[in-house]
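Here is the structure we will look at, set down as structure tokens.
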Amino acid sequence: MQISNEPRKLEGRSVTSILEVANVFSGERSVLAEFDFLIEAPNWTRDGRQLIYNSLGRLYTFDLTSRESEIVYSGYAIRCNNDHVLSPDNSLVAVSHHTNEDGQSRIYTFPLKGGNPILITPMAPSYLHGWSPDGNTLAYCAERNGEYNIYTIPVNGGIETQLTCTTGMNDGPEYSPSGKHIWFNSVRTGLMQVWRMNTDGSEQVQMTFEESNNWFPHVSPDGEWVAYISYSKSDVSPSDHPANKNVEIRVMPTRGGKFHTVVKLFGGQGTLNVNSWSPDSKKLAFVSYRLQE
């Protein structure tokens, strides 16, 4: 969730960013582009023509036909992290931007075609993850009084509502397409696992029970599948989702049941932080990384 203006490195070697797409049923992978600097967290636009990613504090559009990137003008919001979400009609984008005043993350919105940002969450740190299907509410993870919990707020700002209240990390809240549920990840049972609750915070139900740490559930547009990124429990502490790890992208039915692994890759932080399902619910966009020689 932090911003770096330097290339990502591991053991003194720089890391190449690889923008990819995978078929969630066959596992077939296609490389769209490679970058010798850090890019993260692609969103797929509703029309299927573009991806949105962040790089070094700014947002970019990536045209899937021309394979060219273009910067999105965002006024003073030039320290955006990998928490960015498109509005249901794709007219706006909400971001987590680290403000100049104190360097902490707050949520802003601005037009996807470019424009000046509007502050939504004066309190910090706040890390965006979800936008309700009716366009009226944002869901986010926030630290308040030393604990990370799930909150919602009206899209134009106002009073925030706390939905979880447990010790330890709760993160990654995202609405189901029906608007009935919010999916999130929580460490409350030991390892980080995927959970689901009603949008008012009631009926919080654990959905994965794996011997791994599972982060950032993303529901497919048809509401049938949920994708998430999985770390080995021996590689990370349950409340951490670092970069430069061997991870898996997994998919399971939203009704619950057995997962299947779509791809294994070198990545983690920046790979799948935001919803990157294709509009037809058949593919996922993601970023893998490779150590440069």
Side-chain angles (χ1 to χ4, degrees), residues 1-8 14-22 29-75 77-87 90-98 105 107-115 117 127-131 172 174 215-216 218 221 227-229 241-244 247 249 262-263 265-279 283-290:
M1 296 180 184
Q2 299 300 313
I3 297 298
S4 172
N5 290 319
E6 299 295 331
R8 182 175 285 171
S14 296
V15 177
T16 296
S17 305
I18 307 167
L19 182 60
E20 297 189 61
V21 170
R29 297 167 65 167
S30 300
V31 173
L32 300 179
E34 296 190 10
F35 305 83
D36 60 3
F37 50 87
L38 179 66
I39 77 161
E40 299 180 302
N43 303 113
W44 212 305
T45 58
R46 189 176 63 171
D47 61 12
R49 297 177 179 177
Q50 293 181 318
L51 299 174
I52 312 297
Y53 65 83
N54 64 287
S55 180
L56 305 180
R58 306 296 294 270
L59 291 191
Y60 293 80
T61 60
F62 179 85
D63 187 281
L64 287 165
T65 300
S66 68
R67 306 290 176 94
E68 294 183 353
S69 298
E70 183 176 342
I71 197 167
V72 179
Y73 174 76
S74 55
I78 57 172
R79 301 183 71 236
C80 300
N81 61 35
N82 51 35
D83 302 323
H84 42 82
V85 179
L86 301 177
S87 63
N90 282 195
S91 64
L92 299 172
V93 59
V95 300
S96 298
H97 159 68
H98 294 258
S105 176
I107 297 171
Y108 298 76
T109 62
F110 54 85
L112 183 57
K113 65 181 180 181
Y127 299 100
L128 173 77
H129 280 279
W131 202 317
E174 184 177 297
W215 286 81
F216 304 132
H218 305 308
Y228 52 94
I229 189 164
H241 54 100
N244 301 333
V247 295
I249 295 175
V262 178
V263 294
L265 58 98
F266 182 69
Q269 176 73 281
T271 290
L272 200 76
N273 294 67
V274 296
N275 193 308
S276 58
W277 281 94
S278 61
K283 298 178 181 179
L284 287 165
F286 61 97
V287 182
S288 61
Y289 300 93
R290 183 180 68 241

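Heads up: numbering here begins at 1 and tracks the sequence.
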Verdict with supporting geometry, V95 and L128, side chain to side chain contact (heavy atoms under 4.5 Å, CB included): CA-CA 7 Å; V95 300; L128 173 77; 5.7 Å; no
Among residues at least two apart in sequence or on other chains, which ones pass ring pair (Phe, Tyr, Trp, His ring centres under 6.0 Å) with H97? Y108
Excluding sequence neighbours, so at least two apart, what forms ring pair (Phe, Tyr, Trp, His ring centres under 6.0 Å) with F35? F37, Y53
Q269 and side chain to side chain donor-acceptor pair (under 3.5 Å): which partner among N244, N82, N81? N82
For L38 and V15, run side chain to side chain contact (heavy atoms under 4.5 Å, CB included): C-alpha distance rounded to whole Å, both residues' side-chain angles, the deciding distance at 0.1 Å, then the answer. CA-CA 8 Å; L38 179 66; V15 177; over 6 Å; no
Are [X] and [Y] close enough that some pair of their side-chain heavy atoms sits under 4.5 Å apart?
| X | Y | answer |
| --- | --- | --- |
| S276 | W44 | no |
| H129 | D83 | yes |
| I39 | Y60 | no |
| N273 | W215 | no |
| R49 | T65 | no |
| L86 | R46 | no |

Of all the heavy-atom pairs spanning [X] and [Y], show the shortest one and how long it is.
| X | Y | value |
| --- | --- | --- |
| A41 | N54 | CB-OD1, 3.7 Å |
| V262 | A22 | CG1-CB, 4.0 Å |
| P111 | V72 | O-CG1, 4.3 Å |
| Y289 | E40 | OH-CG, 3.7 Å |
| F286 | I249 | CG-CD1, 3.7 Å |
| A77 | S74 | O-OG, 2.7 Å |

Under 3.5 Å, is there a donor-acceptor pair between the side chain of S278 and the main chain of L284? no
Is a side-chain donor or acceptor of H218 paired with a backbone partner of L272 at a separation under 3.5 angstrom? yes
Under 3.5 Å, is there a donor on one side chain and an acceptor on the other for N275 and E174? yes
To the nearest 0.5 Å, how far apart are [atom1] in [X] and [atom2] in [Y]?
| X | Y | atom1 | atom2 | value |
| --- | --- | --- | --- | --- |
| T109 | L92 | OG1 | CG | 6.0 Å |
| Y127 | S96 | OH | OG | 8.0 Å |
| C80 | L56 | SG | CG | 11.5 Å |
| R58 | I71 | CZ | CD1 | 3.5 Å |
| L112 | Y73 | CG | OH | 15.0 Å |
| L64 | L51 | CG | CG | 4.5 Å |

Not counting sequence neighbours, which residues clear side-chain hydrogen bond (donor to acceptor under 3.5 Å, both in side chains) with [X]? List them please.
| X | result |
| --- | --- |
| Q50 | none |
| D63 | S66 |
| T61 | none |

For side chain to side chain contact (heavy atoms under 4.5 Å, CB included), just list the numbers for E68 and F62, CA-CA rounded to whole Å, side-chain angles, deciding distance to a tenth of an Å, and then say yes or no. CA-CA 6 Å; E68 294 183 353; F62 179 85; over 6 Å; no
E34 CD: over 12 foreign heavy atoms closer than 6.0 Å: yes
What residues, two or more places apart in sequence or in another chain, satisfy salt bridge (charged side-chain N to carboxylate O under 4.0 Å, His left out) together with R29? E20
